[in-house]
Each structure stands twice: as structure tokens, then as C-alpha cells.
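Following: one structure in C-alpha cells, then a few remarks.
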2 protein chains.
Amino acid sequence: MPVNKRIRRSPEEARQHILAVAERRLAELGLEGLSVQGVAEAAGISHANVIHHFGTTQGMRTALFMQMSAKLLADVDTALRADIPPDQVLGRLFGSLLESGHGKLLAWRMLANVELPTNEAGAQFQSIVNALGEDQAEAKRIVLLVAGVAMGIAICREPLQQMIGIDDSELSAFPGWLGDLLTAASDA
Amino acid sequence: MPVNKRIRRSPEEARQHILAVAERRLAELGLEGLSVQGVAEAAGISHANVIHHFGTTQGMRTALFMQMSAKLLADVDTALRADIPPDQVLGRLFGSLLESGHGKLLAWRMLANVELPTNEAGAQFQSIVNALGEDQAEAKRIVLLVAGVAMGIAICREPLQQMIGIDDSELSAFPGWLGDLLTAASDA
DNA sequence: TTTATTATTGACAATTATGTAAGTAAAGGA
DNA sequence: TCCTTTACTTACATAATTGTCAATAATAAA
């Protein structure tokens, strides 16, 4: 006598449901939250069902990281394709990495032993470099600077803010300041 | 009849022995390598002995992260106290974070849910900010920029280099370029 | 309605991890 | 030499995790 009626989703819906829960747990609990058991319980299904959809724990994690990477790239792409001033582009890039938690995801992907197929991010970066002007070496350094500081702040925002003594309003003004700094440097 | 004579260390020696093994495992295996059982086996002792010295698993991890943080701060302090030009300070800071692997370890600390007592790093950062000139807000932004990009590159050096297309010589020239950029901006 | 497919579940086994308790042995001090 | 301390170990209990397998039920097709 089943008390609750069994919920039967399409494979794609089930996978999305599971991955959504996993993403939330990753943000809240870190890598330790990505156990099949924990995710299944939080998703209200049996852990065997998660195994059914992803094969193994690593399969689930890989699927999660791939999906989040795709989202991140889409966000970055949206931020960069828009016809807006450079400093605002920078701000949107920062927002994409900071607010959505994508930066932390990237860091996990770097640090965790998650083997993923190489994606097409390289080509996107190349297009950014090309769009930045004629001096390729300078453009590369600027991209490295922006991407690096975005990643660093994404991962270490809280301790850096606290230790340096930067409040939220100052932090939100930081991308604009950096944009001005770079435009001023390119003018000189 | 014990085949091997039992090794008895002083508490401090034992703790250092365990933490050294744990640090190596963290670098090689990530957070998953920081189980009491795994560390103990790699250290050639019983896992109960690890518990004896650190109380709990979290205790061991906390001790590890605290010690690594202390090492990192010592390195940064050494790099910053030397009387050398700003661009070289930046270079030494980068070197401290990149070559020693401390940047990655610091990132682990951010991503792991390890609650640590606030350390004295804030005061050091404050002294750096104060030394940077009269404009405190500007100094804070500069410190945030340098520290952020150092952390970001420490964690994501390899993929960033690959995707942007920066070779090692260009990367080693990057700190100097950033130093010039900042000094030029402060002049203007 | 009947049938076939398969998403889903509960039960099971195996492994691993954590922490406890009691006993053992190494080292220093009396 | 004896005694005390405690680092260390073995053994145990418990819980968590992973993955398998057979059974069940929801859904669509026939």
C-alpha cells in the first residue's frame, strides 16, 4: 500500500531534477554534498534511481560539472556579445562569476579530480582577445588580468573583503574602476 | 611478537609527520584524500593514532589548513617586507603563491567547509594598504586587484594559459607588466 | 483493454569511514 | 630498578556510501 503515489518523470526531467538539487548542495555543502545518497534524499527519490540515470557517482558529478560549465559559458557569451561599454562588460562578467556561483564551480573543476572533455572555451577566449585591439600580446595580458582577478575574487571574495576591509558597495564599484584603469592604460 | 618496533614520537613530531602526509595527499588527491584512514595508512600509523592527536577528522583538517595558512602568510610576509621595487614585490608574491603551491592549498581552504578561527592576516593586509599611499580607497582596490589575480592565477594558471594562449615567458613577464600598469595609473 | 517499456523502488552486499575502549610498549623520572 | 605517563595499537561498534538486483508501477503503444 504505497502511501505516496510514485512520481515518474521523463529521463530528461529526472536528470534535470537531480542536477538542480546537486547544484544547490554543491553551493551549500561543497563537494561533500555531492554523494549519491545525499543528493537522492534531498531530491526525494531513491539513490538507486540516481545511479540508474547517471551510472555512477562520478557520472553524476561529471554531468553536473558539464552542465554548469555550459551555463557559465553561455552567461559569459551573453555578457560579451552585448553592445555595451567595456567597463560594463567587465561588470557583467564579474556578476556572472560572482553572483551565480559559477566562479566557485570553475574552481572546483580545477581542483577536484573531475575529468571532463575539453570544451570550446578556448575559442571564445580567442575571440575576446581578437576583439580587444591590434596589440595581441597586450590584449592577452588584459584578458589574463581580468579573468584571473575574476576567478580569484569569485573564490576568495569573503576573506579578501574582510582582510582588506572592503565593503559591498566598494566591491561592486571595483569592476568599473578596473575598467577605467585598463582604458586609461590603453590610451597611454 | 611485534615484527616492527613501535615508533614513538613526541606529540609535536607526530603531528608534523601526520600533517606532512596529509598535505601531500591534499595536493595529489584533493579533499577526498583527507580521510583519517587514508592519511593514517599513508603515514604508516593506525587511524586511531591520528584521532588521538587531533580528536576528530575535522580537527585534523582544521590543523592542516591552519598550518598551511600560517606558512602562506609567512611567505607573503617575507615577500612584502623586503625593500624592493613594487613590481618585484608583485613578482615575489606571485612566485610565493604559484611555485610553492600555496595558492591551490588556500583555494582548498576556501572551498572546503572548514571553519577556522580568524587569523591575523587582516593586520598584515592593513599594513600593506597603509604603505601604499595616502588614498586608502585606491590602495584597497589595488590590493584587492593584486591579491585577487594572484589567487586566480594560482588556481587556474594552466587552463587560463592554454585558453588565452600565453606561454611561460609571457606569464613570467606578467607581474612586471601589472606593476608598470599600476604605477602608471597612480601617476595619472 | 492488453501489452511492452522502463522509471522507480526496496532490499542486499561490500566497502569505507568515524570514533571508542582497553590493552601495550616506549621513554623519562623516582 | 621500579613507576608513571602517554603515545600507540588492536579490536569493536556504528554509520555512511556505493553499486547490484529483482520487483513494482506508471506510461504509452497496440
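We name chains A, B, ... by the order of the sequence lines, and we start the count at 1 in each one. Keep in mind that the numbers below use all heavy atoms, side chains included, and drop hydrogens, waters and symmetry copies.
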Quiz prompt | Which nucleotide in D/dT18, C/dG10, C/dT8 has an atom nearest any side-chain atom of A/Val36 | solution =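 Taking heavy atoms from C-beta onward, the closest nucleotide is D/dT18.
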Quiz prompt | Side chain of A/Pro11 - closest among C/dA7, D/dT18, C/dT18 | solution =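 In terms of side-chain proximity for A/Pro11, the closest of C/dA7, D/dT18, C/dT18 is C/dA7.
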Quiz item: For DNA chain C, whose closest nucleotide is more 5', that of B/Glu32 or that of A/Val50?
Solution: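 Nearer the 5' end of the strand: A/Val50.
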Quiz item: How do B/Ile7 and B/Leu34 order along DNA chain C: which one's closest nucleotide is nearer the 5' end?
Solution: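 First, find each residue's nearest nucleotide; the 5'-ward one identifies B/Leu34.
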Practice problem: Record whether the side chain of B/Arg6 comes under 3.5 Å of the base of D/dC8 through a donor-acceptor pair of N or O atoms. | Solution: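 Pair found.
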Quiz prompt | hbond_proxy A/Arg8 side chain to C/dT6 base (donor-acceptor, 3.5 Å cutoff) | solution =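 Between C/dT6 and A/Arg8, which were checked side chain against base, a qualifying N/O pair under 3.5 Å is present.
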Counting just side-chain N and O atoms, does [X] come under 4.0 Å of either OP1 or OP2 of [N]?
X	N	answer
B/Ser46	D/dC8	no
A/His52	C/dA7	yes
A/Ser35	D/dA16	no
B/His53	D/dC8	yes
B/Asn49	D/dA7	no

In whole Å, what is the span from the [atom1] atom of [X] to the [atom2] atom of [N]?
X	N	atom1	atom2	result
A/Arg61	D/dT17	CZ	C1'	11 Å
A/Gln37	C/dA17	CD	P	15 Å
A/Glu12	C/dA7	CD	C1'	14 Å
A/Ile45	C/dT9	CD1	P	6 Å
A/Leu31	D/dA16	CG	C1'	17 Å
A/Glu13	D/dT27	CD	P	11 Å
A/Lys5	C/dA7	NZ	P	18 Å
A/Ile51	C/dC12	CD1	C1'	15 Å

Exercise. Tell me what B/Ser10 touches on the nucleic acid: a base, only sugar-phosphate, or nothing, going by heavy atoms under 4.0 Å.
Key: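 The residue B/Ser10 makes no contact with any strand.
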Quiz item: Just checking A/His47: base, sugar-phosphate only, or nothing, at a heavy-atom cut-off of under 4.0 Å?
Solution: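 It contacts base atoms.
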Please report the interatomic distance [atom1]([X]) to [atom2]([Y]), rounded to the nearest 0.5 Å.
X	Y	atom1	atom2	answer
A/Leu64	A/Arg15	CG	CZ	11.0 Å
A/Glu32	A/Arg25	CD	CZ	11.0 Å
A/Met151	B/Ile155	CE	CD1	6.0 Å
A/Leu145	A/Leu181	CG	CG	8.0 Å

Exercise. In sequence, state the C-alpha distance, the side-chain angles, and the governing distance for A/Lys71 and A/Glu23, and then conclude on side chain to side chain contact (heavy atoms under 4.5 Å, CB included).
Key: CA-CA 12 Å; A/Lys71 279 187 193 171; A/Glu23 183 172 336; 3.4 Å; yes
Quiz item: So do B/Ile166 and B/Phe174 actually touch side chain to side chain, heavy atoms under 4.5 Å?
Solution: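 When only atoms from C-beta onward are counted, B/Ile166 and B/Phe174 do not touch, as no gap falls below 4.5 Å.
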